[in-house]
Amino acid sequence: MARYWLLKSEPYKYGWDDLIAEGEGVWDGVRNHRAKNNLAAMEVGDEAFFYHSREGLEIVGICEVSVAGITDPTDPDGKWAAVKVKPKTKFPTPVTLKQIKADPELADCELVKLSRLSVAEITPDEWLTICAMAGL
DNA sequence: GCCAACGTTGGC
DNA sequence: GCCAACGTTGGC
């Protein structure tokens, strides 16, 4: 069963444009257990929103997990998880955090409630709602 | 730049 | 094993 996710990144470190330029990106550097659990639960073909934190504060597009269940190459102990993602769809209209917070259907999502979580799970309902807001 | 929320660390 | 202190993250 495919699940949905949200990946946060600071655009000045690694933004949507960087992912496009590379074609495929390794999602590593996660040092939070809950985020790690989410990473470890991802499967090839799962889709994830790409969210710009600190700057922009909006979901800019959708990427797809291309390789799942790898160990973080930046972790010398090999304890942390990582995945590879490929860009899939750029949103016609980015969905801002403000819009998400303003929508009662989305007010409970991990992104809003756990603002410091860098890898969050998105329910199918939330997924559809956000896609609709993005103009897809 | 500030501060709230969360995670981690270390003393007991 | 508890909890206070500290560091980091991320929205504002």
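Chain letters run A, B, ... following the sequence lines, proteins first and then strands; every chain starts at 1.
- The side chain of A:L97 sits closest to C:dG11 out of B:dC6, C:dG11, B:dT8.
- Under the 30°/60° scheme for interplanar angles, the aromatic rings of A:W127 and A:Y4 are found to lie parallel.
- For A:H33, no side-chain nitrogen or oxygen approaches OP1 or OP2 of B:dC6 to under 4.0 Å.
- One atom, NZ of A:K36, and another, C1' of B:dT8, lie 16 Å apart when rounded to the nearest Å.
- For an aromatic pair to be called close, the ring centres must be under 6.0 Å apart, and A:W16 with A:Y51 fails this.
- With hydrogens and angles ignored, a donor-acceptor pair closer than 3.5 Å exists between the side chain of A:R54 and the base of C:dG10.
- A sub-4.0 Å separation between OP1 or OP2 of C:dG11 and a side-chain N or O of A:K8 is present.
- Here the C1' atom of nucleotide C:dT9 and the CD atom of A:E55 are 14 Å apart, to the nearest Å.
- Distance A:R116 CZ to B:dC3 C1': 12 Å, rounded to the nearest Å.
- Judged by distance alone, with hydrogens and angles left aside, the side-chain atoms of A:S66 form a donor-acceptor pair with the main-chain N or O of A:K84 at under 3.5 Å.
- Residue A:L57 has its side chain nearest to C:dC12 when only C:dC12, B:dC6, B:dG7 are considered.
- Side-chain contact annotation: A:D125 with A:T123, donor-acceptor N/O pair under 3.5 Å absent.
- A:L114 places its CG atom 10 Å from the C1' atom of B:dA5, with the value rounded to the nearest Å.
- Each of B:dC6, C:dG10, B:dG7 was ranked by its minimum atom distance to the side chain of A:S118; first place goes to C:dG10.
- To the nearest angstrom, C1' of C:dT9 lies 16 Å from CZ of A:R34.
- Contact record, A:F50 with A:C63: CD1-SG, 4.3 Å, taken as the closest heavy-atom pair.
- Atom NZ of A:K13 and atom P of C:dT8 are 12 Å apart (whole Å).
- For C:dG10, the OP1/OP2 oxygens have no side-chain nitrogen or oxygen of A:Y12 closer than 4.0 Å.
- Nearest to the side chain of A:N32, among B:dC6, B:dG7, C:dG11, sits B:dG7.
- Residue A:K101 is in sugar-phosphate contact alone, with no base atom involved, counting any heavy-atom pair closer than 4.0 Å across all strands shown.
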